[in-house]
Structure formats: C-alpha cells, structure tokens
K.L.:
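Have a look at this one before I ask anything.
Order of appearance sets the numbers: ligands from 1, and atoms from 1 within every ligand.
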Amino acid sequence: MSPISRSSSQPDVGVLLAAAGSGERVGGEPKQFREIAGVPMLLRALRPFAQHPRVRQLVIALPVAFVDAPPEWLETVVSGRLRLVAGGATRAESVLAALRALDEGCSTVLIHDAARPFVSYETIETVIETASATGAVPCVPVSDTLKRVEEGSGRVVETVARDGLWRAQTPQGFPRDMLEAAYKRFGEDGISQLTDEAALCEAAGYTVRVVPDSGRNIKITTPSDFLIAEVLAQR
Ligand code: CTP
Ligand code: MG
C-alpha cells in the first residue's frame, strides 16, 4: 500500500494502553509516570500511536486514583481522541476494561503496554496492516540458550532447542470481531490465566502471525531497565 492510500484511509484503529499497574518491581510511584530522559514513560509509549493517521481513538487504563486526576500532558498529546478508564486487578482485566470503552468505529484494535516506551512507528504500521486480517504479534527471535529446570532442585532437565522460538512484545493487533469473540468464548475468569491477548486468540483457534520487531522495544520491569532506557533515549 502506498503512503498516499494509507493516509487517505479512514481512521479505524483503536489503541488500548495497559497503564494501570503499580510497578512493584521498580518501586516508588507507578513506573509508567516516571521520566526517561525527561519524558514520562507513558507519554513515550503513547506518542507514536497518537501520530499515526489510522488511529481513531486511544483508551488508557489507569490506576483508579489517576482517572479523575490524570497528568495534564495526556490530553495535549491526543487532542480529543483520548478516553481514560479505571484498570483492573490484573493486566488482562485492565485491557478488557479499555476494550469495553472503545468507540464503535474502531474495527482494528491494538493493545500496548505503557511499560514499552520505545515502540517504533514502523512496528505500529506493520501491526496495523497485518491486524486487518489476522492477529499480529510483534516478536524478536530468541537468542539465548534455553534450559528447562526442575523446580526446587535447580537441576537442568534439558536444553530446549530455540529454533522457531520468538519472544512476544507489544503492540499486539487484532480485528475487533476476533478479539471480542475470543473474550466471549473464554469469559472473564478464563482470561486471567492467559499472559497476552495473542494467547487468547490462539486458544480460541484464530490465526496469529508474527511481525518481526526490534530488540529496542524493551519492557521496563526492574530499576536496572530504567538505566538501559536512559541510554536508549539518548540515541
Ligand atoms: N498493567 C495494567 N493493569 C494491571 C497490571 C499491569 O494495566 N493490573 C499494565 C502495566 O501498567 C504495564 C503492563 O501492564 O504497562 C505490563 O505489566 P508489568 O510490566 O508487570 O507492570 P506492573 O504490573 O505495573 O509492574 P509489577 O508487576 O512490577 O507490579
Ligand atoms: Mg505486573
């Protein structure tokens, strides 16, 4: 598709941002509000979506205390296309709360973790294109040697061949009908065991395709990840 035909497409993509965690492993204020090189992590995660012409609406699941008193930089970035909802006790519940608040005109849904502040415009573009027909999950090939280990004893049971193994990142994208049907099938109790929305759609029998992603699109989980993030942000 040429850039011209793409930009003339109607905005029909809804973006759900999972930003309702408490960031316990980092400590202090919820990590999504912490600055990386002077810019809050949530703002970094949000900006490339807000800039995409296909994006019609952004729904952010926030910790309940922040829904009525959000940081003022949020609205300036998305100019009227933003909706804030209270997240749930788990990431899966937060995503579902955001999906329920999504405008009917969004036929493709992208789900992104606020803890991934280095998502590229190119990844977003490819996920949107793929997600018009199937599930799309941005991944990087596994490069470490993998060991299966006996719980408790620490004994290595086997070395797992890494051929064909990929690490899943976000944003994951889906046709809205597919995602809603998968939720309906598993119900609210069923989703708590699944670690991402791709797993939900796979379990429901839908096709999910890999979109090769960059290793830069890291998830900020621990205090040392913020050190890496400061370096990445300088480049
Ligand atoms: N998340 C969410 N709702 C929750 C839990 C997590 O929206 N109830 C979001 C987080 O804000 C984050 C993403 O899901 O953007 C990935 O979760 P994780 O990295 O585990 O973040 P936290 O849950 O905040 O961190 P921790 O597990 O250390 O408390
Ligand atoms: Mg967590």
K.L.:
Under 4.0 Å from ligand 1, counting heavy atoms only, is it the side chain of V26, its backbone, both or neither?
P.N.:
neither
K.L.:
So which protein heavy atom does atom 22 (P) of ligand 1 come closest to, and at what separation?
P.N.:
G23 N, 3.8 Å
K.L.:
When you measure from the heavy atoms of A61 to every atom of ligand 1, does any distance fall below 4.0 Å?
P.N.:
no
K.L.:
Among all protein heavy atoms, pick the one closest to atom 7 (O) of ligand 1 and tell me residue, atom and distance.
P.N.:
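Protein heavy atom with the smallest distance to atom 7 (O) of ligand 1: A20 N, 2.9 Å.
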K.L.:
So if I count the atoms of ligand 1 from 1 in the order they appear, which ones are less than 4.0 Å from some heavy atom of T90?
P.N.:
3 (N), 4 (C), 8 (N)
K.L.:
Parallel, tilted or perpendicular: which describes the rings of F33 and W73, with under 30° parallel and over 60° perpendicular?
P.N.:
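If you compare the ring of F33 with that of W73, the planes turn out tilted.
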K.L.:
Centroid-to-centroid, F174 to Y206, below 6.0 Å?
P.N.:
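No - the distance between ring centres of F174 and Y206 does not fall below the 6.0 Å cut-off.
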K.L.:
Applying a 4.0 Å heavy-atom criterion (strictly less than), which segment of A89 is in contact with ligand 1: side chain, backbone, both, or neither?
P.N.:
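For A89, the contact with ligand 1 is made by the backbone alone.
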K.L.:
For Q169, which of I218, V119, D213 qualifies under side-chain contact (heavy atoms from CB on, under 4.5 Å)?
P.N.:
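Looking at I218, V119, D213, the match for Q169 under the side-chain contact (heavy atoms from CB on, under 4.5 Å) is D213.
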K.L.:
The test is salt bridge (Lys or Arg N to Asp or Glu O under 4.0 Å); show your working for K219 and D113 and say whether it passes.
P.N.:
CA-CA 8 Å; K219 184 161 86 75; D113 286 340; 5.7 Å; no
K.L.:
Considering heavy atoms of the protein only, find what lies nearest to atom 17 (O) of ligand 1 and give residue, atom and distance to 0.1 Å.
P.N.:
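Protein heavy atom with the smallest distance to atom 17 (O) of ligand 1: K219 NZ, 4.3 Å.
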K.L.:
Do M178 and I111 belong together in a cluster built from hydrophobic side chains that touch within less than 4.5 Å?
P.N.:
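In one cluster with M178: I111, yes.
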K.L.:
Please identify each residue that fulfils side chain to side chain donor-acceptor pair (under 3.5 Å) with S22, with sequence neighbours left out.
P.N.:
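S22 satisfies side chain to side chain donor-acceptor pair (under 3.5 Å) with no residue once adjacent residues are dropped.
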K.L.:
Could you list the cluster mates of V160? Members are the ILVMFWY residues connected by side-chain heavy atoms closer than 4.5 Å, either directly or through other members.
P.N.:
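Under the 4.5 Å side-chain rule, V160 groups with V142, L146, L165.
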K.L.:
With the 4.5 Å side-chain cut-off for hydrophobic clustering, are V140 and F118 part of the same group?
P.N.:
no
K.L.:
I need the contact type for E93 against ligand 1. Using non-hydrogen atoms and a strict under-4.0 Å cut-off, is it side chain, backbone, both or neither?
P.N.:
neither
K.L.:
Among all protein heavy atoms, pick out the one at the shortest distance from atom 27 (O) of ligand 1; state its residue, atom name and that distance to 0.1 Å.
P.N.:
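For atom 27 (O) of ligand 1, the nearest protein heavy atom is R25 NH2, 2.8 Å.
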K.L.:
Which value, rounded to the nearest 0.5 Å, describes the distance between L179 atom CG and K184 atom NZ?
P.N.:
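If we round to the nearest 0.5 Å, L179:CG and K184:NZ are 12.0 Å apart.
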K.L.:
For ligand 1, which atoms sit closer than 4.0 Å to a heavy atom of S94?
P.N.:
2 (C), 3 (N), 4 (C), 7 (O), 8 (N)
K.L.:
Checking a contact table here: which protein heavy atom is nearest atom 9 (C) of ligand 1, and how many Å away?
P.N.:
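Atom 9 (C) of ligand 1 sits closest to the protein heavy atom A18 O, 3.5 Å.
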K.L.:
Considering only NZ, NE, NH1 and NH2 on the basic side and carboxylate oxygens on the acidic side, decide whether E197 and R91 come within less than 4.0 Å.
P.N.:
yes
K.L.:
For ligand 1, which atoms, with element, lie under 4.0 Å from some heavy atom of G88?
P.N.:
8 (N)
K.L.:
Between ligand 1 and G21, is the shortest N or O to N or O distance under 3.5 Å?
P.N.:
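G21 vs ligand 1: N/O contact under 3.5 Å present.
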K.L.:
In the protein, what heavy atom is nearest to atom 29 (O) of ligand 1, and what distance, to one decimal place, separates them?
P.N.:
E24 N, 2.7 Å
K.L.:
Numbering the atoms of ligand 1 from 1, which are under 4.0 Å from a heavy atom of A114?
P.N.:
15 (O)
K.L.:
Looking only at protein heavy atoms, which one is nearest to atom 21 (O) of ligand 1, and how far off is it?
P.N.:
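Protein heavy atom at minimum distance: K31 NZ, 3.2 Å.
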